[in-house]
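For reference, the structure is listed below as structure tokens.
Letters A, B, ... mirror the listed sequences (proteins, then strands); counts begin at 1.
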There are 2 protein chains.
Amino acid sequence: MESKTHQVECHNCRLANGCLAKGLDGDEIKQLETIISHKRPLKPSEFLYRQDDQAQSLFVVKSGSFRSTVLDAEGIEHTVDFHLPGELIGLEALQKGLFRGSVEALETASVCELPLAQLSPLSSKIPGLQSQLLHIIGSQFAAQHDRAALLGNHPASEKTARFLLMLSHRYSNLGYSSTEFNLSMPRYHIASFLCLSLETVSRQLGRLKEKGLISVQKRGIHINSLESLKSSI
Amino acid sequence: MESKTHQVECHNCRLANGCLAKGLDGDEIKQLETIISHKRPLKPSEFLYRQDDQAQSLFVVKSGSFRSTVLDAEGIEHTVDFHLPGELIGLEALQKGLFRGSVEALETASVCELPLAQLSPLSSKIPGLQSQLLHIIGSQFAAQHDRAALLGNHPASEKTARFLLMLSHRYSNLGYSSTEFNLSMPRYHIASFLCLSLETVSRQLGRLKEKGLISVQKRGIHINSLESLKSSI
DNA sequence: CGGGTCGTTGATGAGTTTCAATGATGGTGG
DNA sequence: CCACCATCATTGAAACTCATCAACGACCCG
């Protein structure tokens, strides 16, 4: 059974507050739950969808993390973004009903599925849902602005520090530690996201470690002082 | 009078087909026109809005072109995007009601203003408007994916060629020539967008000229062969 | 115990930035 | 009307960052 529906309960989901359900009353949440389905969890490096797939749904990350990529005309893959719990994925399909990039689980991960055909009418019916949808869309545009500032014309050292600070910030928003976390992606993905080579990323992490700003052990990151790391930029 | 309302007529606007009015019937367009206002045209390098301004409205480019920028924590400016006629600006404000970047006219330019307070209720009332709004939002996300592929890990020569091809494509969609156009921005803005130095941009344009792929005279660009330019990447 | 993936580290060279000088253009005021 | 200034673009030379190539070690899983 490909898309067996698992248990669905927005009303006691710890993410509901940053999710579509935010600001809805009990009855509205029930209506929302009726259109949400949960696919089985994805395994590491399994694809949620692939570029040019027909899009029937949007997705919200429930657990784990994802990476979204695009292939350019020459078949070179670029990492567009990483997605943590609570984030909405697939908005680029609103244009033509096709996904414009691929999304791949970085670890065991799960999503809530929001069928487009039902989301749109429901959001007309529930004003709070529409406004929350627009709010989330706005966050994504805002995040892109931040990303532009992160990736823009900076030396590798700064890109790396900024990358860690971005993750720190996002984990902190999710209620996790802002100073201690595990990278869910290999160096190669970070490099592709930052437009650097994987060796450079590795070396820059090493430098930050030498300076005493962070501790690194493979995927494990500990930021010794957020302030010093920021001011190192 | 700061925001004097100029003549508003979506129904005979040549851009209406790629704009919010697309797919609406005559009566619906009339309703849309009632909430749209036109500010006086902006002069070159005049700001449409500035980062952290309170956002009352979204904007659609009616004529001319714009550049959107963000300041990072260090006060360094990054060019996020260029905006041509028909494009919707300001979506990042849907999150918190604040603009997350600045938008600046590159030449004499005008916009249609869409007050957020009225747009949202109207789109609930007119299903076609809501779906067109979502469609446009989707295009912007799709465009970001394309931009990621454009800017990603490529040598300066490719970035420059891709940049020209992107503009060519966008002008062509607007009904202008895809092989002959004027850059509305100085080299410095192109450089900031492509994460290069302005000298590098200048040199790369020079190289493309030497190779016979394009003609350049300051802001004037003529692409001798789109196909050769593409295959040069 | 192999074999694969992943991360680190070193040496080298290419590509890009930076600094600097010069030329073209357009607007302004004498 | 022309000189002057500011802005923008081009070009050169030098310095440096970063990518590439390569080797090695750590780890995990079959």
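The side chain of A:R203 contributes no N or O atom lying less than 4.0 Å from OP1 or OP2 of D:dA19. In this model, the phosphate group of D:dC18 is not approached by any side-chain N or O of A:S197 to a distance below 4.0 Å at OP1 or OP2. Close to C:dG7, at under 4.0 Å from its OP1 or OP2, lies no side-chain N or O of A:S202.
Ranking D:dC18, D:dA9, C:dG7 by closeness to the B:P186 side chain, first place goes to D:dA9. Nearest nucleotide to the A:R187 side chain, out of C:dC19, C:dG7, D:dC8: C:dG7. Listed nucleotides C:dT18, D:dA19, C:dG7 differ in distance to A:L196; the shortest reach to its side chain belongs to D:dA19. Proximity note for A:N153 (side chain, C-beta onward) versus C:dT17, C:dT25, C:dC6: the nearest is C:dT17.
When the C1' atom of C:dT5 is taken as reference, atom OH of A:Y188 falls 14 Å away, rounded to whole Å. Atom CG in A:N182 sits roughly 12 Å away from atom P in C:dG7 (whole-Å rounding). Rounded to an integer number of Å, the gap from CD of A:E199 to C1' of D:dC24 is 13 Å. With rounding to whole Å, B:L194 atom CG is found 16 Å from C:dG15 atom C1'. For the pair A:K218 NZ and D:dG25 P, the computed distance is 13 Å after rounding to whole Å. The CD1-C1' distance, from B:I190 to D:dC8, rounds to 12 Å in whole Å. Remark: C1' of C:dG7 and CE of A:M185 are 15 Å apart, rounded to the nearest angstrom. Here the C1' atom of nucleotide D:dT11 and the CG atom of B:L205 are 14 Å apart, to the nearest Å.
For B:R207 and B:E210, the salt-bridge test fails: no basic side-chain N is under 4.0 Å from an acidic carboxylate O. The existence of a salt bridge linking A:R219 and A:E107 is excluded, since no basic side-chain nitrogen approaches an acidic carboxylate oxygen closer than 4.0 Å.
Place A:L198 and B:Q217 on DNA chain D by their nearest nucleotides, and B:Q217 ends up nearer the 5' end.
Ring geometry for A:Y176 versus A:Y171: interplanar angle over 60°, hence perpendicular rather than tilted (30 to 60°).
Between the CD atom in A:E113 and the NZ atom in A:K39 there is a gap of 5.0 Å [rounded to 0.5 Å].
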- Should B:L229 and B:N224 be marked as a side chain to side chain contact (heavy atoms under 4.5 Å, CB included) after you check the CA-CA gap, both sets of side-chain angles, and the distance that decides it? CA-CA 8 Å; B:L229 186 57; B:N224 296 329; over 6 Å; no
